[in-house]
Amino acid sequence: MSTETLPDADLGQWHRLDRRMLLIRPVLDVVKSLPVLIGAVLLGKGNGWEWIGLGVTALTVCVGVSHVLTSRYRIADGQVEWSTGLLLRKHRAIPLDRIRTVDVTSEPKHRLFSLSAVRIGTGRHSLGQGAGDDQLVLDAISETEAHRLRTVLLHRKEVPAGSEAEAAPPPEQVVAEVDRKWVRYAPFTLSGLAVVGAIFAAVWHFAHQLDIDPENVGPLRDLMDDLANTAVWLIVVVAAVALLVVVSLLSVGGYLLSFWNFKLTRETEGTLHVRRGLITTRSVSIEEERLRGVEVKETLPLRIAGGARLTAIAGGLREGKGGDKGGGLLLPPAPVGRVHEVAAEVLRENFDPATVPLNRHPRRALTRRLTRAIGGVLILAAALFGLYWIGFLPAWMWQVALGLVPFAALVGWDQYRNLGHAIVGRYLVSRSGSLARSTVAIRREGVTGIVVSRSFFQRRAGLITVTAPIAAGIGGYRVVDVGESAGLAVAEQTAPGLLTPFLRREAQR
């Protein structure tokens, strides 16, 4: 993009981070340094370690304050520039035509002073760079300045800094809003299970590090004595019910925190805008011209409850963790019918490609899934039996594993039942999975090639896997275990003429 399309008020003008961050950053740095400070005090005992801990804390605070005072950014010469540092200066520049997303996040520390953190993403990774080298983070600026930057960088719209125009959001159409009744789907996401696992792992780790024996803790010792005199089946039932209640409560809490006031809108400039969050608010903008499709995700518990979630497949959206995770979310766990309606609206189609009838895969694909599902359980049971035989494990463990064979067979059958593909208009639709079923609809014009592969066992079964690479999402989407003729037909329809030379060469051999 040329500099003529940029606001004159922004050309060459440097902006600084909001000085109110100086009231927050030192406190956060002191909190981060508390483990070092506490360790130094405990180890000190008059030998000077306390002063080392205080020095490390003071240095951390000084570095944080220096970052706030020296960080500057501007839009000039067709790029966003960022500079920071006092003794060691850093300078970064991102061309405007590489910007894919502008993610505005307001954590509690920001909301205290009406501030936001802006992540300007390019969606690209370079060899040897870290996970954060494809984005520029401005932490923190005012909410109005964050909105102005989003408008300038994504819509190329002239909004002078400090003007009243920056407070007026662009016209938008509401596509979807969260319904408070949807919280009933939260327990079926099992997101609380991860929290319980993390808490248990942390407690176990600290107990091990501090050499704490449960038998030396009064309440735990009494609990273990009571459990020793209780029937095993009763312990299992009570523990399962307690775990279910805790996981459900944590899942509901997580749902409310993440998706409170969720709203998906379409702006007149051709941008999908997602806003959500209760304590930490997040605002993500997705340019529709970079939208390559949608994905309907259904975990088994959520599918049983009749729910699903919708995500965007778009160029520049990172498939990351933590703060990057969920950037492409278009609808949180919601009724599957509503998910399909929103998918059709997002794609600007009169139908939802994810609901069209799919072509079934050969019965040989069923054999492969049953073999892998049942075989995996039998191998596990055999391994547990071997450990029981040498006296390392009790007998009930391999017996329980063997009892999972019927469940494995059902999972294998469900995996086959969910397999399917179709070419619908300009979309390639593919579905697979059981415990986590995924239905993907991608635009064929966005496909960058075709990959046809088959393993040794697939060759024996006459099956192939067709992968459609695309510069979005996870980078490629597969049609798994499809018959050779049907798979080649899908490949030809997805990318017409691309495989023709290779098929002719194979026929001539």
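Computed from a prediction, not measured in an experiment: that's the story for all the values here.
- A distance-only check finds a donor-acceptor pair linking the side chain of R20 to the backbone of F113 [under 3.5 Å].
- Judged purely by atom type and a 3.5 angstrom limit, T448 uses its side chain to pair as donor or acceptor with the backbone of P469.
- Taking a cutoff of 4.0 Å between a charged side-chain nitrogen and a carboxylate oxygen, E445 and R426 qualify as a salt bridge.
- Distance alone, capped at 3.5 Å, is enough to place a donor-acceptor pair between the N418 side chain and the G433 backbone.
- We find that E288 and R348 are joined by a salt bridge, their nearest charged nitrogen and carboxylate oxygen being less than 4.0 Å apart.
- Environment of CZ in R338: crowded, with over 12 heavy atoms of neighbouring residues, nucleotides or ligands closer than 6.0 Å.
- If you run salt bridge (charged side-chain N to carboxylate O under 4.0 Å, His left out) between D103 and each of R282, R276, R275, only R282 comes through.
- Qualifying salt bridge (Lys or Arg N to Asp or Glu O under 4.0 Å) partners for R303, counting only residues two or more places apart in sequence or in other chains: D414.
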Please test V440 against I313 for side chain to side chain contact (heavy atoms under 4.5 Å, CB included), starting from the C-alpha separation and ending with a verdict.
-> CA-CA 9 Å; V440 176; I313 301 174; 3.6 Å; yes
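- A donor-acceptor pair under 3.5 Å is absent between the side-chain atoms of R72 and the main chain of L69, judged by distance alone.
- A salt bridge is absent between R431 and E298: the closest approach of a Lys/Arg side-chain nitrogen to an acidic carboxylate oxygen does not fall below 4.0 angstrom.
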When the side chains of residues 180-190 are checked against the rest of the protein, which donor-acceptor pairs come out under 3.5 Å, sequence neighbours left out?
| from | atom 1 | to | atom 2 | distance (Å) |
| --- | --- | --- | --- | --- |
| R184 | NH1 | K181 | O | 3.1 |
| T189 | OG1 | A186 | O | 2.6 |
| T189 | OG1 | S191 | OG | 3.4 |

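- In this structure, T271 contributes its side chain and E267 its backbone to no donor-acceptor pair below 3.5 Å.
- A donor-acceptor pair is defined here as one N or O able to donate and one able to accept, closer than 3.5 Å; such a pair exists between the side chain of S251 and the backbone of V247.
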